[in-house]
Amino acid sequence: MNLTFALIAFLILASAVLAATRRDLIHSALLLVGNWLGVAFFYLWAGAEFVAFAQALVYVGAISMVVLFAVLLTRRMRTELPLLVATRDRVVSAVLGGAAVFGVLAVAVLRTPLDTNPAKPAGSVSMLSLGQQLMGPQAAAVLIVGVLLTVSLLGAVVLASSDADGKEGAP
Amino acid sequence: MIATLPPAESWLERFPLLVRDWITGHLPESLGWLAVSLLAIVVILAAFGLLFAYLTLAERKILGRIQNRPGPNRTGWFGLLQPFADGIKAVTKEDVVPREADAVLHFLAPVLLVAMSLLGLAVIPFGRHLLAANLEAGVLYFFAAGAATELAVFMAGWASHNKYSLLAAMRALAQLISYELPLLLSVVPVVMLAGSLSTTHIVDAQGGWTFGWIPHWHVLTPWGFAGFVMFMIAALAESNRSPFDLPEAESELIAGHLTEYSGFKYALFFMAEYFGMCGLSAMAVTLFLGGWQAPCAFLEFIPSYVWFTAKLLTLLLGFIWIRATLPRLRMDQLTRLAWKFLVPLTLLNLANAAFWSLSAGWSGPMHWVRWAIALTVVVGPFLLLGRALTAGVAPRTYRYA
Amino acid sequence: MQDLSPGGAHVRAVHDEFHGDLLEVSMGPHHPSTHGVFRMVVTLDGERIVKLKPVFGYLHRNHEKLGEGTSYLGSMPYTDRLDYLCSMTNNWAYAVAVEKLAGLTVPERAEYVRVILAELTRLLNHTCLAGFLMQDCGCSGTPLMYAFREREKILDLFESLSGSRMMCNYQRFGGCRVDPPADWLARAQTLVDGYTAFLDEFEALLTGNEIVMARTQGVGCMSAALAVSAGVTGPALRATGVAHDLRKVDGYGVYPRFNFRVPLGAHGDVYDRYMIRVLEMRESVGILQQALAGLPGGPIMNPAAKLRGFRPKAGEAYGRIEGPKGEIGFYLISDGSPNPWRYRVRPPSFINLTILEDMCLGHTVADAVIILGSVDIVLGEVDR
Amino acid sequence: MLGSGILQGLAVTAKNFLGSYHDPARYTTVEYPEVKQQLPEAFRNFPFLVTENATDPMGTLRCVACQICEKECPPQCIFIEKSKDKKPDANGKLQIYPVVFAIDTSVCMSCQICVEVCPFDAIKMDQVYEIATTDRFDALLLNREQLAKPNEYFHQIHPTEAAEVDARLAADRKAAEEKAKAAAAAKAALPAKPAPAPVAKPAVVPPPTAPQSPGPAA
């Protein structure tokens with residue numbers, strides 16, 4: 001099983017590194033999709049079937065489209081993309097930003113009380129219990145996330161429609 | 001299995017299992033699981049490969065007959081060897097890759113497309129005992145596997161470096177964003193009522209008959225019928241079939257994302273389109289048409305996989321029939337149909353299904369009230385939203401000079 | 001990349017920083033829905049058209065210059081090849097011009113036969129056009145095949161009368177080449193009797209179809225003023241509500257004897273153009289019934305007409321008729337020699353096509369295809 | 001209601017699907033190489049030269065190389081070279097004959113004008129349509145040997161017109177004989193007008209009551 005894990009880790013890391021270094025935005029976006037797929041494989045490997053499929057469905061199926069759409073709609077094809085010089089400031093700020101995100105995530109993971117007793121492997125979480133958890137104890141979190149997404153969606157609609165009013169005359 | 005099991009299953013019903021056991025019986029115990037998996041893969045590939053081959057022929061024949069012409073009839077008896085002639089032609093044709101194309105993506109797109117459209121078939125229960133992978137989240141898996149198909153269409157369009165293909169790629173993206181949502185939302189009521197994402201449970205939940213001849217299929221309930229129709233509309237869009245074949249659009253974009261493909265890669269796209277069509281139809285059968293369940297109690301002697309195949313073929317013929325009849329929608333009309341019509345209706349349908357589930361205990365005259373309410377929730381919004389959608393579009397009367 | 005040259009005054013500012021790059025797509029000459037070798041250079045903003053430049057001439061074959069070097073009779077088969085769907089009406093328009101030039105009269109029977117053939121041609125052309133239009137809309141061939149099924153029946157009639165399905169070369173100066181025999185007339189009667197049923201079925205397939213209506217209504221609108229100023233004729237003009245039908249205006253031939261109406265549209269969009277054609281077909285069926293019923297006897301050719309050594313006196317003439325696509329006219333100047341000194345065609349589809357950009361601006365690529373389809377062009381006539 | 005038009009359309013296509021199995025008015029396809037459509041008598045495709053006698057085609061061509069068709073042919077696809085000498089035709093009369101008579105079928109548009117202008121009924125429209133060759137140059141340039149086809153063939157493909165032409169030619173011949181006889185006998189009487197007016201010829205179908213009547217102007 002460790003070999004599988006190593007392969008998945010390699011897939012995730014390699015696609016991430018490649019995505020970050022590609023000059024072609026579309027390639028980067030597609031590599032990002034590969035990365036997300038790798039994460040989905042990881043979930044599958046870890047036994048979280050539902051989360052894995054949800055990850056694939058949402059990220060590979062939908063988010064990737066949004067990213068690609070955004071890339072295409074900015075209308076800068078790869079030939080016109082200026083070659084950005086990797087200055088020291090850029091490198092430092094990128095590393096700092098990445099480290100900060102990593103730090104937050106690491107602290108969050110480490111501070112969560114997890115049962116890591118290898119003698120007693122956690123039984124696979126059934127979807128029913130997952131749903132009950134989300135609708136019961138965690139309902140507040142779900143609601144807040146939902147409201148946040150709705151607000152951002154509405155904001156996007158408002159932004160887009162104000163543009164459309166002036167520009168689009170045809171049916 | 002619920003109480004729908006006949007007391008003793010006929011040997012026809014168990015026939016696939018017997019064959020499987022006979023084959024695996026020749027192998028050592030340790031290789032058994034591998035053999036079973038491989039067997040499932042081989043059977044699905046062979047069965048759907050053949051179905052694909054003859055579906056192309058059937059489509060051309062039926063399209064021909066609908067258009068009052070014979071269709072392919074030169075290769076073999078009634079043109080029955082036509083798919084193989086087409087296959088040989090596709091394989092032996094030169095594979096042209098434009099110099100400017102993104103060679104890697106250009107190659108990957110058809111491969112990814114076929115792979116992804118095949119994956120979904122693993123969770124379809126083709127018969128009482130015919131299921132490749134019984135996953136707890138089977139329905140979710142199916143849609144997760146199918147989600148990447150439009151991504152492949154986008155890759156094909158973008159990698160071709162052709163203006164028409166690029167337009168097709170944009171259309172593919174917009175179409176996917178629009179139709180993934182109604183497709184999933186129309187499935188949610190089924191999952192809600194079955195209380196499970198497992199395809200076997202969903203089929204089992206539709207077992208049994210009232211009076212022995214009215215099956216308990218979801219399609220025979222108001223919410224189920226609405227869900228089925230909306231699922232099929234979204235499925236047409238998902239599988240890029242007419243009237244939603246906008247990425248391909250031969251009269252506008254020549255062949256869209258396929259413009260720069262030839263030979264075997266083109267055949268792969270074709271194959272993927274039919275696999276996708278088969279997969280979505282099979283899912284529709286599973287979710288709404290009772291899967292492999294027989295329509296009447298006395299018809300149970302016919303094996304379950306025959307029933308499944310019959311239902312699947314009926315839906316596929318529906319795809320062909322619709323293709324022969326309807327013109328193509330425009331991109332903005334397509335997205336409008338999705339967002340202003342299908343999404344609200346699927347959401348309402350969700351509420352309708354919830355009501356149906358809660359009112360399951362109503363009996364006597366309340367039974368009729370239940371039906372009346374559920375029908376109103378289906379028909380009312382359909383009429384209202386339909387009127388809003390087709391506002392300003394109506395048959396006209398003309399004056400004469 | 002984008003020029004704001006003449007004709008682009010109504011184009012929205014192309015250099016719009018916010019909108020960034022525009023995509024210039026060359027649709028045609030090898031495009032499945034440009035109806036031949038026609039090219040549209042389309043500038044797209046997303047899928048929306050901000051500029052459209054029609055490019056003609058891929059099928060130019062010197063028709064008018066050839067006409068000046070060929071005898072009057074020799075140009076007749078060439079007119080078949082202008083609008084190759086409507087050779088009968090092309091023949092007639094040319095014959096009208098030459099008859100005017102030479103002062104020939106046409107026997108009554110020939111006039112009736114001409115009306116019958118012209119209305120059959122109208123049926124043929126409009127049926128095909130509707131089929132092509134729906135093909136452009138994305139139907140998988142079904143309306144087109146139905147249209148062609150009926151067209152074949154009309155072409156069979158043409159073939160058994162004139163010897164050729166499309167290149168009929170049937171009209172002559174002062175009459176018609178062949179007198180239609182009784183069994184031919186009976187076959188024509190059968191076809192005409194069955195045509196309304198076909199139209200009903202065709203309309204059931206398309207006219208009320210929500211997708212067809214959504215695709216065609218409000219698309220490619222043409223105002224009556226624009227249509228008149230651009231010289232648009234035929235169903236495209238009548239779809240804008242202008243009552244201009246040469247069969248009524250000129251009353252040429254024996255048309256004044258028939259009772260028929262001219263349908264008029266109100267919006268001038270693709271749907272109106274389609275519907276006007278369908279309604280015109282129904283009127284044509286009525287004309288055909290009347291013409292077949294009232295067909296008189298007598299000679300089919302004016303005996304004074306000469307075939308060899310035909311030399312009209314010096315002068316000029318313009319003959320026009322209401323072809324299925326609009327006013328098809330021939331302008332001839334004779335200097336008394338066997339060839340016309342000047343030979344000029346007024347092709348309806350070319351002139352109707354000149355305002356293509358005005359109809360397409362602001363619509364999408366998909367619309368441009370059906371707008372082009374609804375104009376009803378035949379490239380043989382556009383490029384000549 | 002939304003969808004009613006679509007359902008109506010589906011009904012039409014279903015009707016046509018079923019109709020294509022039993023209704024010949026719908027299913028009009030003729031499966032070409034096996035089944036060939038009955039050609040109408042008027043059908044025309046490429047000209048041929050009429051010979052009176054199948055055993056001696058070059059000796060009995062009706063063509064007298066008058067070159068009218070060459071002049072009138074709109075795409076100018078006919079090439080004729082007159083003979084220097086004269087040979088007796090089918091009637092025994094001495095005539096100029098074409099040494100070269102070639103039609104470039106890659107140029108010919110089958111317009112029938114050569115047939116209409118020919119005063120001797122020497123060139124007629126054929127009905128061949130399977131004319132594909134592997135050589136697009138020489139094989140499409142037909143010389144007089146390839147163009148010559150006997151009068152019986154003309155009778156086969158255009159029976160009505162051929163009968164009418166034969167009747168007219170017989171009448172002409174008779175008139176000519178009478179004229180010659182009269183000329184020999186009296187040399188004074190004015191005989192009937194010899195040649196028919198060309199405009200009269202295209203009347204392919206004679207009135208049903210008189211199937212073998214000569215042209216109206218004869």
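Lettering of chains follows the sequences in order, A, B, ..., and the numbering in each one begins at 1. Note: hydrogens, waters and symmetry copies are ignored here, and every other heavy atom, side chains too, is used. Quick caveat: nothing in here was measured; it's all calculated off a predicted structure.
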Next on the checklist: Within the supplied structure, the quantity of interest is the number of heavy atoms (other residues, nucleotides, ligands) at a distance under 6.0 Å from A:Y59 OH; does it exceed 12?
Outcome noted: no
Next on the checklist: Are more than 12 heavy atoms, taken from residues, nucleotides or ligands other than B:F107, located less than 6.0 Å from that residue's CZ atom?
Outcome noted: no
Run the side-chain donor-acceptor check on residues 173-184 of chain B: report pairs under 3.5 Å with partners two or more places apart or on a different chain.
from, atom 1, to, atom 2, distance (Å)
B:Q175, NE2, B:A237, O, 2.8
B:Q175, NE2, B:N240, OD1, 3.3
B:Q175, NE2, B:F244, O, 2.9
B:S178, OG, B:A174, O, 2.8
B:Y179, OH, B:L334, O, 3.1

Item to check | Toward chain B: residues of residues 92-108 of chain A with heavy atoms under 4.5 Å | outcome: none
Next on the checklist: Once salt bridge (charged side-chain N to carboxylate O under 4.0 Å, His left out) is applied, do any residues pair with B:R396, and if so which ones, sequence neighbours excluded?
Outcome noted: C:D269, C:D272
Checklist outcome for this item: Okay, A:A40 and chain B: the region with an atom under 4.5 Å from a heavy atom over there is neither
Checklist entry - Pick from A:L57, A:V60, A:V58: which one has the most heavy-atom pairs with chain B under 4.5 Å? => result A:L57
Item to check | Contacting region of B:F154 [heavy-atom separation from chain A under 4.5 Å] | outcome: side chain
Checklist outcome for this item: residues 137-154 of chain A vs salt bridge (Lys or Arg N to Asp or Glu O under 4.0 Å), sequence neighbours excluded, gives none
Checklist outcome for this item: Taken to the nearest 0.5 Å, the spacing of B:L151 CG from A:L30 CG works out to 6.0 Å
Checklist entry - Under a 4.5 Å cut-off applied to non-hydrogen side-chain atoms, are B:V104 and A:H27 in contact? => result no
